[in-house]
Structure formats: C-alpha cells, structure tokens
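Just below is one structure, and these are the notes that go with it.
Numbered from 1 within each chain, the chains take letters A, B, ... in sequence-line order.
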Amino acid sequence: MIKFVLMVNQQGQTRLSKYYDPVELSRRAALEAVVVRCCLSRSKHECSFVEYNDFKLVYRQYAALYVVVGITHSENELSIYELIQNFVEVLDKYFSRVVSSIMFNLDSVHIILDEMIQNGHIVETNKSRILAPLTAIDKMADG
Amino acid sequence: MSDVVEKTLTALPSLLSLDSQPGSAKLSSSSKLGNLIRGITELTSKHEEEKLIQRELLLIKEQVSSPNTTMRQMKELMVRAIYCEMLGYGVSFSYIHAIKLAQQGNVLEKRVGYLAVSLFLNEGHELLLLLVNTVLKDLQSTNLIEVCMALTVVSQMFPKDMIPAILPLVEEKLNHPKEIIRRKAVLALYKFYLIAPNQVQHIHNKFRKALCDKDPGVMSASLHIYLQLIQENPEGYKDLAPSFVTILKQVVAGKLPMDFNYHSVPAPWLQIHLLRILSLLGKSDQSTSEIMYEILDESLRRAEMNHNITYAILYECVKCVYTIHPKSDLLEKAAKCIGNFVLSPKINLKYLGLKALTYVVQQDPKLALQHQMTIIECLDHPDLIIKRETLELLFRITNEQNVTVIVEKMLDFLQINKDDHTTIDLVGKVAELAEKYAPDNEWFIETMNTVFSVGGDLLQPDIPNSFLKLLSEGFDSVEEDKKLRLFAVNSYVSLLEGGPSKLPQRFLQVICWVLGEFSHLREDLEPDVVLRMLAKLLDMKSSSSETKCWVLMAMTKLCSGGAALALVQDVSETYSSSLDTMLRQRAQELQILSQDSKLQAKVLPRSASMEPVEVDSSLSFLDGFVSEALAAGAAPYKPPHQRQEELSRSKALNMEPYGLSLPIGMSSCSVTDRQSPTLLSISSGLSGDSADFSHKGSSAALKLDGVKRLWGRDGYLAKKEAAEEAPQVEAASPVRSPSQRGDTDGSVSQTPTPECDQEKQQLASSLFVGLATQSSVCLMGKSEPTSQRFRRKPKASGGSEPMSNPLASPSDGADNVLPQNLLDSSDLDVSSPEQTHGLPQDPDTPNGSCTAEEESADPMAEPSAHEDLDRSRDSCLSSHLPAELSALSHSEITSLCSNQSLDVSACHVQREDSVVLVVFVSNRSDFCLQQMRLQVQSEELEVSCASDCPSEELKSHSVAVCQYLLTVQRPSVHFDLSATVSWQLPAGSPQTAPFSYKLPLTGFIRALRLSTEEYGAMWLAYSHDTKLNLTLMDDDQDPLAATLHVLKRKLQLHVVEIIGVEAIVACCLQQDQPCLMHCRVHAGMLAVWLRSPVPDLPDCLLYHCQRALQEP
C-alpha cells in the first residue's frame, strides 16, 4: 500500500505532498524533512529503496526534482519505482516543461494524482485515461 | 466469462477520445501563486518563510471572507491555501470556503473545491457532512464531468453514516454507458466497502458484473474489491480463479488496447494485481493452484525483455509460485529468476532479488546455498540498505550451527547503523536468535551484553524482561542453570569493575537484578563487595531514579547478615528523604530489612524468585486498620465511580467531559493495582509472560505461519557439496569485519582473487552450514522448543502451567519492571487467584469445555490411536453415564490418560445444586485389571466420592464409571484436579499413571433470580468488590442488551433489570454464594462493579465475563 507521495526539490522544499494515511499537519513537516534527508543523501550508485521506520521509501530523481513514495513492506518496490516514471510521463504529456509547471499548477498535478492513486492503491495507469477528466475540464473552462 | 473479456478487449473507450492537448488554463509563473512560490524558493531561513506565509495567510483570510470575491478568485485563493497548508501552516479558516467552492463554482472551480476538501479534511471531519448535498446534486447532474468529480471525491472520503443517502445513485452509475463513470462508481463502492462493509453487502453480485465489464478499466477497478474480499475470505471466491486466470492470460497475450501498455509491456500493474489475487487463491489449495500453472509459466517466460517493469512483474510471479501449491518445474524456473535478480549489476534488482530470496528461503532454505557467494558479496556491500536486507535473509536461515557467525554480522552492522528504528529491530532479532540457538552460556551472556549495551534504552522492554525470566526460571538442568547464572554474575561484576558509567539504564537494571538474586552463587564474592559496587551506581549522575530503585532492591536482597551495615545505613538514610516516592519506599525497605535479618529472610528467601507468592487482592490485612479508622469517625470508603456519580448528582450542571476521565483512569488502576485476573496486563512492566514470548518470533517474521514446507526437491545442492562437507566451523571461523575488507565497488566481482575467494568460501561455509543437512521439519520448526538451547521448563509454557502456581512474585523483576512493595508482601497470607494464563476454553457451552493434559509417562501411547479414539469416545462413553445424570448437560468427554492397558476419560455434569465429575476407566487390554483405584484431589475443590468404582477389578474391554461430587472451597478462575489411577495386571507389578482435569469456574455458576428490591438490600450487605471497564459488544442498536445477552448465554447470569444505560445482574456460586453485578455504559465501555460476600469470587467471575466478551 502507498502511504504518501512527495515531490521535493534539491533544497528539500516540498512541492507537493499527498498522504493516504492520516498524518497530523504538525508532524508532516518533520516527516518530510527526514524523508528528504534520507533520499538526498544517497548517491546514484545506491539502491533507490530506503527503509524508514516501519515503511519504505522509493524515490526517483528528475533533474532538480525528487519524487518520493512511502510504501508498506508488502508493496512491490520496483513497480512503485516505475509508477513514479509513469506519473512523470503523464505530467510530461500534460505540461510541456514539467518542473516549473508542476510548481505553478499544484491543483492540476493533484487532480492527475487523484486519478492514478486512491486510498493508497494504484487505480489507473493508462495515460490517456488519467488525463481524460482534466482535459475535459480544461476544455469546458475554455469554452 | 472468457468471451465477455474478449468483448471487453475489443471495445474501445469512447469518452477518452477527448482531445488531450495540454490545457490552456494553466497558470504561469506570473500568477499570485507563482509569486508566492518564487518568494518561498528564494528565502534562506525558516524564520523568513514563516513571516512570508503568515502575511500570505492574512491576505487569504481577508479575501476569502470578503463578499466581493468571485468564485474564480476563490479558486485561486484555495490553491494558495493548499500550498500554505502543504508547508505546514494550518488554514482551517478556509475549509468552509473550500466546501462552498465545490458547491457553487463552475466546473474547474468545483474540481478545485473538491480537491481542497479532500486535502484539508480527514475522514472524520464534521464539515464533511456539509459536502453531502453537493455530492448528491452533482451525482444527479447531466454534466458527466460533474458526476465524475463527485464520484472521485466519494471514493476518497465520505462520511460513513451518510452512505445510504447516496448509495442508490452510485449503484445506478454501475450501469452508466460511459466506462469512466462505471469505473469511478466501482471505486466509490470499494471505498464504501472499506469504511462500512455492511452497507454494501447486498450488492456483491454487482461486483461480479463489474468484473465481467466489457471495459478493462472497469474490470481492473473491481479487482480492488476482490483483492480485499479474498484477503478476508479466500474460500468464498475460489470459483472466480478461472476467471482471473483468463483475464491474466489475455492481458499477457497483449489483447488490451495499446494505450494500456507501459513501455510496450501490457498493463503491468494490472498483471501484478492479478498475480496477488491468484497467490491468495492458490495458497494451500492444490486444485486451484493447478489452474494457474500454465499462465504462471507463461508469465515467467515472457520476462526476456530487459526493463524494470518486467522485473517487477517477475518478482510478483516468483512470490506467487512460492505461495501456491508447489510445482517443481515452476519452482525451478522461479529459482532461476531469483538468481538473475541477485546476480544483476543493477542495484535495485539486486535488492528485489534479496527480498525475494528472503521470502523464499523460509520454504526452501537450500536456495540460499545456491546463491551463497552472492549473499556474501551483498553482506559487504557499501550500500547499507543492501546489507540490511541481506541480514534479514540470514536471520531467516539461522540455525544452531551458523548462529555465531550470523549474529556477529548483525552486531557488526549495528556498530555502523545510525537509524534507531533499525537498531531496535535488529537488536530484537539478535536477542531472539541468541535465546533460540545459543551454543553455550558464555556466548549467550556476552551476546546479550552487547544487545543491552547497543540497544541501550531504546530496547523493547520485553527483551530484558524475558532475559531475566529465562535466568530466573532456568531450564531442565539445575547444573546448567547454575552455570549460566554464575557466568552472568561474573560477567556483570567485571563490567561494573570496568566502569559502568557508559552502560545504558536498562542494562544497569538487569545487572542489579542479577547481582541481587544470584551473586551468592559465586562463593569467593563477599556481599560487601557487591554492595559497594552497587552503591557506586547510586552516586553516578547518569543513573535514573528507576535504576536507583533497582539498585536499592538488589541491596535489600544482599544486606542479610549485616553485610556492609554502615554503607547500607548510609544509603538508606540518604534516600529515605528523596523526593521520589518509589525511591523513598525502597530506602525504607532497605533500612528495615537490613536491621531485621529474620524478616529479611522471610520476605526475600534466597533463590526463591521462582516460588509463587500469594497475593491478597482484597487487601483483607488492612481490615483492622479500616475498622479502627471507621471507629474513629472516618468516612467509609467510596469507590471512584460512586464518588463521581454522587458528584454529578449534586451538581446542577453535568460536566460530562470532566467526568469522562475518572472511570477510564479507574479501569487502568484496577488492572494494575488490584491485579484482577484479567488478560488485560497491558502495562509494559507485566509483559514478561511466556505466552507473549513465544509469539515474538512469529510476529517479527513475515506472515508465513502455517505455510507448510511442501517442496523439498533434492538436487538443488548438487553443485554445492563443498558446503555440506565443510567442517562445522563455528565461532572460530576467521570472519573479518567489514572495515578490514577491501572496498568493493558495488558491482558483483565475478572473478575474485584466489585469496579473497578462499576467505569468502570460508565465510560461506560457516554461514550456510546446517542448511543442507537440515531436515525440513527442523527449519520450519524454528519456533519449536526442541530446537532451542534454552528450553523453558514446561511449567512456564503458559498452557500447561498448573493454575495454582501463579507466576507473580515481588522479587521477580522479570514479571514486573516496577519493583513491588516488599514490606507489604511480608504480611500476605491469603491466596487469591492471580492467573493470567487462562487456558482457552469454550464459553459457548455453559459447562465450559475442559482441557486436560496427559501426564502419562508411557511412551507407548500412540497419537494416532488417540485421534480415532477422540471421534468415537464421546458417543461410546456417554452411554456409560449413570442414568440420573444422562439427562443433564455434560461437558465433552476428554481423554486424560491413555496407555496400553487402559484409557481414562472424564467429563463434568452440571446438576441443579452441584457439579459431578464422572471418570470413565476403560480397560483396553485383554486381561482383567486388578486393584484398580482412583484418587482425585484438588486444592480449591472439595472432592467427595459420590459413587466409587463398583469394584477393584475391571474386566477386559469393559468400562468402570466413578462419580465425584465437587464443591468449591475457594473460588478460582479454573480448578485443577490432579489424580492418579493405579492398577495391576494379572502377571505384573502395580502400575500408576497420573492425570489431571481442569474445569472452569463457570461450571459452578448458576443464575440467581431476584427482585430489584432484594438485589438492593443484598448489594449493601456485601463487602468484596471489584470493578473494571469491559468492552461492549458491537451492536448499533443496543450494545448494552447485546453485551448482557452474551453474558447471560455464556455464563448463565440472570439479568434482574435494565434501566437506561444501567443494568443489574445476579448469579450465585453453587446455590448459596451470591455475586451481584452492576453494569453501566460509559464512554463506550461497560463499567462493571461486582460484589459478593465471598472473597475472590468477583475477581474470578470478572475474568470469565471478560473472556466471554472477547471471544467471538
């Protein structure tokens, strides 16, 4: 099961966070700080999966942006690793310049994520289907 | 089914033909959010960030509440609020506006409104109720996008109680022509199933329809529900296995539309999902597994493509192959697959390979041998994560022969590890291995020393507790016990001499206890010397007051005979004025006991940590004090909840929130202080219970309990004979620490230098020794006591413990971390039932079933014969029941003792006024048994012979029936009867066989029919009482009635009257010993108060009430 999805920049600033298990607001910042430190401190030769307390972190780096997913031990790490790639490919398809667009379109990124993951489970991975509701909304807003 | 899927795959989604060009409504960096984000990014300090955000929040707050703000602006404000909250700044003022936005905005604004709600509110938030109407409206909208949004938010969060309001609408959507709506409706129903399974019970057939939907998206959405359902009840869905197999086949064959592909792999996450479902269905089910073999084989074959996602599928496939009923060629292929993983230069694959191997070795330890060299490489891998996973693998293959090397590796890792969580976990594992497989005392104590020093005060408290328990209870051999204890004493003395200031507090406490209890074993060690060492600990600044308590306790044990009297007096004087009450208490004890060696010997008899101490839980020794106080005009004691009731009555305003805390506090108080015989011993101090202990291993392990090791194919080891033949190198093997080892670059060095190779071979032989020769039973029997060096005495193993031997003992630190008051216990005389190790019993039968253990020393008794016997015994023997008893209900007839010549079985029969034990002795032999005699006795029961065996002779293959009338002398949770049967064969010497019988208190409990007035009068007259909060039964309508019903049915209690949230209940112990019960629902619990004229009866009955409510 997926516990949370985080997007952070190299300075450790959170760009997006979504929790699938309730975590108190006051505890989030501390948790994110530790998670980020865990991932940023690792070199490229090292494994992309890190143990953190009673769950695991799977992370992937895209230029200055890190996507970190917290999962339970029973989850398949490699499938989550590729899920991150799929997510980024979807973002890439929707926005032209991923990194800056993600920053300024927090709402759209969340809407895309909501289509892919719900209640900690992967519910859709088909790129065109993930984007369908959002593009439909965009069209209506335009028209 | 399969053709439905065929159809599915040809149908293409239609809603999705919408153009997916990048949206034009995107924000640019010049927006207000853009400015905010850029502002934040440029800041350097947290303080500046806080200032900026606070300013921003003021701005947002002002604008959201302004009536002139348009919905478009509101949407923009919400996104900014989301951003601020993401950074950790609460924006609760905007929650209500998010709901308003979802209600009133146009499409995009509405979506952002819903999004903000789902991010801001958690599932229990009360504002969520305000969303229900909006959702209801949107579900009925003609605009599909709005329906979509409403379904999305519903499948993320929805108030449980409001599900019925929208359920029909959601159900309706299952038939919607658009697949996206159907898919989202299925996901919404999945959410409902998660939060309120009862609400969707009636639509399970609709889930099946969704599974057969022509659209693959809808079908895969339904898999979430099925995975959940099958996890809960695999038996109920076996019929669907062929359908899941067919779906997987078609997915693997690439029959899905192209856009389901990810990097040319067809719907990989769907494949993984299906494989998980299949492994649940095929687990220990041969016929279901057989359906899957073909597709699993196919999936394994398709793995040629070199991409991460294919490996992810392969991993799931391998897990599935090793979970379901085994098939040898599949296992072989899966094993090869794992080999490719662990050998891969890609580090992520290597990790997954190790994880797979860890999973697999539990079933097939020999597989580890195949990869032993790789495992050793991984053990020295520079990446700590890989190392850690390797240790996890080694933990699973540990046995008596390789334990020293593996533990050493684990301890090495602990030295470099910095993560607390990992340390706690690993230290726990080391302690577990040490206790299970320790080769000798020396190694065990030294390893535990490292555990205590490395684990420090983070250590789980059960580790020191069980260690002390192990030392104090000892094992089968007295000689060994003494050696182990002596070794511990020696080791601790030298530790204390070497400077204890760096040792963690927990470790110091362990040392104190051991020295206090066992330092007399070392003859050359004067108590004075130990006392001085202990006194030094008191002077250390780092010692916590808890540790000081332990020190004083140990000194109290050692101070007999006036050893170091001056020192002791000095210490006790210093601490008797301490601000810490516990310390003061200990100091007082020390002072008094050091001056009175007679009393000291009585209170703390040497080597008596194992002796049970009887505790008077009714505190009757205080009766004199109480009556004196009463005579002197003191107010009679009122228990807390009575006080609270009176308080609330006397006040005009009922301050409910304040009231809440009292009964809760009381309940915890009554558990720990009164030590009622409950199973609620949750306080960490009491967790040294051996039942807990035996479960520790299984909880740490992957959840594979009960998985039989079904495959044991020979031939895996053909190449690795060297390992098998390797001499059993143990501690002496030249294992080098990682720092000594040359740095490896992380990739697998396929051709190591010969020298290095030899070294690794050596390590390999010491790590993997024992795996090849191990019989299958041995590995799976990891938790079996036979494979443990430190086998506890049968006495301590929970179930077979004689109930009259409670473990509680004040001087036993293992049972109670908080030292108990020694002075109090010196006066105790009356015993009370303190058993926490209740035997499981079936509360459904009013009699309670009886559990009997055979203590027969006759090794000839065959288990198989037993089973046959079990089946036929009941029907056969019940015909022998005396006529006057046969009409009454009797407990199951249990075999108590069985050997070549005779069988002894028994049951108890509940008569209106008494309980009769009926013993059946059947002669199995072909001879006539002579001088057959039975002797039955019990500590708590009076056993009188109702009708003895008719004669002393028992003819061949006949049955003798004896009856004993049982009368309770002293209430107890369970009553133990110990008995012996003696007989003589015509041509033999006299023989005897012991057996025991156990029956619960409930057998003696009868309903007591009273009026409310009678009840009131009796209530005031009784002095022995006990209180506890019990859990209420789960019943929406009337939890009180449901709970009382259970008690009535299982324990035969009589419900006198129910008044609102209160109820009064009565019963009696064999006709003349009443027990009254007052129940009150409070704060979701049932506060019960029992009173009786009989000491201990309330406590014992409460225990059974608790059991009755805990068991389904």
Side-chain angles (χ1 to χ4, degrees), chain A residues 9 11 13-14 16-18 22 25-26 28-29 45-54 76-79 81-83 85-86 93-96 100-101 103-108 110-111 114-115 118-119 121-129 131-142, chain B residues 13 15-16 18-20 22-29 31 33-34 37 40-41 79 82-83 85-88 90 107-108 111-112 115 119 122 145 148 152 155-156 180 187 191 194 217 221 224 259-260 262 268-269 272 308-309 311-312 315-316 347-348 351-352 383 385-386 388 421-422 746:
Chain A
N9 67 6
Q11 287 80 52
Q13 288 169 321
T14 309
L16 175 133
S17 68
K18 171 82 189 176
L25 196 59
S26 53
R28 291 187 188 179
H45 310 290
E46 289 183 297
C47 177
S48 316
F49 319 129
V50 194
E51 267 184 64
Y52 176 69
N53 279 4
D54 51 347
N76 180 332
E77 288 89 350
L78 206 54
S79 82
Y81 186 69
E82 288 305 305
L83 183 77
Q85 174 66 22
N86 195 30
K93 194 171 168 184
Y94 185 73
F95 303 105
S96 37
S100 61
S101 302
M103 275 168 60
F104 301 121
N105 293 279
L106 192 60
D107 48 343
S108 307
H110 265 297
I111 292 170
D114 280 355
E115 291 297 320
Q118 272 178 7
N119 300 306
H121 297 293
I122 306 167
V123 294
E124 186 59 272
T125 51
N126 179 327
K127 292 191 184 72
S128 44
R129 289 189 169 203
L131 288 177
L134 187 57
T135 41
I137 290 171
D138 285 343
K139 271 203 156 179
M140 284 198 59
D142 285 349
Chain B
L15 180 85
L16 305 167
L18 282 166
D19 181 2
S20 64
S24 49
K26 278 171 219 157
L27 291 173
S28 69
S29 56
S31 66
L33 176 69
I37 295 173
I40 297 278
T41 313
V79 179
I82 291 175
Y83 184 79
E85 192 163 279
M86 186 183 78
L87 294 181
V107 185
L108 181 58
R111 183 65 186 94
V112 173
L115 172 69
L119 288 170
N122 56 28
I145 298 172
C148 236
T152 306
S155 48
Q156 287 173 311
I180 188 165
L187 290 174
K191 181 68 183 181
L194 287 180
H224 291 285
D259 60 354
F260 281 90
Y262 171 77
W269 291 278
I272 289 171
N308 274 337
I309 197 66
Y311 296 126
Y315 170 76
E316 214 64 45
I347 190 142
N348 287 345
Y351 176 87
L352 214 60
D383 188 346
I385 301 294
I386 297 283
R388 174 80 179 83
H421 190 268
T422 313

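- Two residues are said to be in side-chain contact when any heavy atoms from C-beta on lie closer than 4.5 Å; B/E85 and A/L25 meet this criterion.
- Put simply, CG on A/L106 and CG on B/L115 are 8.0 Å apart, with the number rounded to the nearest 0.5 Å.
- For A/N119, the part lying near chain B is the side chain, with the backbone staying farther off; criterion is any non-hydrogen pair under 4.5 Å.
- At a 4.5 Å heavy-atom cutoff, A/Y52 makes no contact with chain B through either its backbone or its side chain.
- For the atom pair CD1 of B/I40 and CD of A/Q11, the computed distance is 13.0 Å after rounding to the nearest 0.5 Å.
- Looking at heavy atoms from C-beta onward, B/T152 lies in side-chain contact with A/E115 at the 4.5 angstrom threshold.
- Applying the side-chain hydrogen bond (donor to acceptor under 3.5 Å, both in side chains) rule to B/D383 yields the partners A/R42; only residues at least two apart in sequence or on another chain are considered.
- Using a distance-only test at 3.5 Å, with no hydrogens or angles considered, no donor-acceptor pair links the side chain of A/D107 to the main chain of B/V79.
- The structure places CD1 of B/I385 at 11.0 Å from CZ of A/F49, a figure rounded to the nearest 0.5 Å.
- Inter-residue side-chain proximity for A/T125 and B/Y262 is flagged as unmet; no heavy-atom pair is nearer than 4.5 Å.
- The shortest distance between side-chain heavy atoms of A/Y81 and B/N308 falls below 4.5 Å.
- Listed by chain and number, the residues in a side-chain hydrogen bond (donor to acceptor under 3.5 Å, both in side chains) with B/Q156 are A/D114 (sequence neighbours excluded).
- For a residue to count as touching a neighbouring chain, one of its non-hydrogen atoms must lie under 4.5 Å from one of that chain's; by this rule A/Q13 touches chain B with the side chain only.
- The part of B/I145 that comes within reach of chain A is its side chain, from C-beta onward, which places non-hydrogen atoms under 4.5 angstrom from that chain.
- By number of non-hydrogen pairs under 4.5 angstrom with chain A, the leading residue of B/V112, B/L119, B/I82, B/I386 is B/L119.
- For chain B, no part of A/L134 is nearby; none of its heavy atoms comes within less than 4.5 Å.
- Looking at B/T41, the atoms closer than 4.5 Å to chain A (heavy atoms on both sides) sit in the backbone and in the side chain alike.
- Proximity to chain A involves both the backbone and the side chain of B/Y83, based on heavy atoms less than 4.5 angstrom apart.
- Heavy atoms closer than 4.5 Å to chain B are found in both the backbone and the side chain of A/E46.
- With chain A as partner, the option from B/A221, B/P268, B/S155 having the largest number of non-hydrogen pairs under 4.5 angstrom is B/S155.
- Residue B/Y311 holds its OH atom at 9.5 Å from CG of A/L78, rounded to the nearest 0.5 Å.
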